[in-house]
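Data first, discussion second: the structure below is written as structure tokens.
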Amino acid sequence: MGKITFIAHDNTEQVVQFEAGDSLMQIAVHNGVRGIDGDCGGECACGTCHVIVAREWFDRTGTPGDAEEQMLSMTPERAKTSRLGCQVKTTEAMDGMTVRLPEFQM
């Protein structure tokens with residue numbers, strides 16, 4: 001079991017525990033993280049789980065697929081380290097990771 005820190009747009013931090021294999025979106029929704037809706041249930045179809053991964057952790061999140069890139073291209077707050085939380089499966093190597101939430105979700 002590890003910990004991930006979600007930082008809201010207003011800099012409020014919420015540290016949650018996770019089990020490797022769950023997606024960032026699942027972890028956020030199950031822990032009531034405000035600002036992550038996951039409206040499509042993790043199907044990479046809505047963009048309501050947009051997160052901005054801290055630069056030092058980004059390489060551990062894998063490579064975005066075509067569907068994720070398409071959804072992120074419509075996100076006005078996209079950053080170089082943006083990901084959709086539903087597409088990031090956690091690993092033990094993500095213990096201590098920090099992600100920021102944009103002001104608005106799609």
Side-chain angles (χ1 to χ4, degrees):
M1 188 158 296
K3 293 182 181 177
I4 294 178
T5 302
F6 291 89
I7 304 173
H9 184 70
D10 66 2
N11 290 319
T12 303
E13 294 185 9
Q14 185 172 351
V15 179
V16 299
Q17 291 187 334
F18 74 93
E19 300 232 5
D22 289 340
S23 72
L24 287 178
M25 187 262 326
Q26 290 170 320
I27 294 163
V29 169
H30 291 147
N31 286 281
V33 174
R34 289 185 186 186
I36 297 287
D37 298 326
D39 288 344
C40 72
E43 298 296 321
C44 195
C46 70
T48 62
C49 63
H50 176 209
V51 296
I52 302 165
V53 179
R55 186 170 306 281
E56 64 270 20
W57 294 96
F58 186 72
D59 290 341
R60 298 181 198 192
T61 65
T63 304
D66 291 340
E68 182 179 3
E69 282 291 343
Q70 184 177 8
M71 289 302 304
L72 287 170
S73 73
M74 296 183 281
T75 303
E77 293 183 80
R78 183 178 186 174
K80 289 182 180 182
T81 60
S82 285
R83 292 295 311 266
L84 293 182
C86 67
Q87 299 301 297
V88 178
K89 299 297 181 202
T90 56
T91 66
E92 291 178 11
M94 293 177 181
D95 183 23
M97 185 164 74
T98 301
V99 298
R100 291 192 160 274
L101 306 178
E103 184 174 6
F104 303 104
Q105 294 286 357
M106 299 233 339

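Side chains are part of it too, since the values below use all heavy atoms of this structure and drop only hydrogens, waters and symmetry mates. Keep in mind that this is a model prediction, so the values were computed, not measured.
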Common cluster, [X]/[Y], ILVMFWY with side-chain heavy-atom separation under 4.5 Å:
X: F6; Y: W57; answer: yes
X: V53; Y: F18; answer: yes
X: F58; Y: M25; answer: yes

Measuring from [X]:[atom1] to [Y]:[atom2], what's the distance to the nearest 0.5 Å?
X: D22; Y: H30; atom1: CG; atom2: NE2; result: 7.5 Å
X: S23; Y: Q87; atom1: OG; atom2: CD; result: 8.5 Å
X: E103; Y: D10; atom1: CD; atom2: CG; result: 9.5 Å
X: C46; Y: M106; atom1: SG; atom2: CE; result: 8.5 Å

Any chance CD of E69 has more than 12 other-residue heavy atoms, nucleotides or ligands included, within less than 6.0 Å?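 For E69, atom CD is crowded (more than 12 foreign heavy atoms under 6.0 Å).
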Would you check if [X] and [Y] make a side-chain contact, meaning some heavy-atom pair closer than 4.5 Å?
X: N31; Y: Q17; result: no
X: L84; Y: C44; result: yes
X: L101; Y: V51; result: yes
X: M94; Y: V88; result: yes
X: V16; Y: K3; result: no

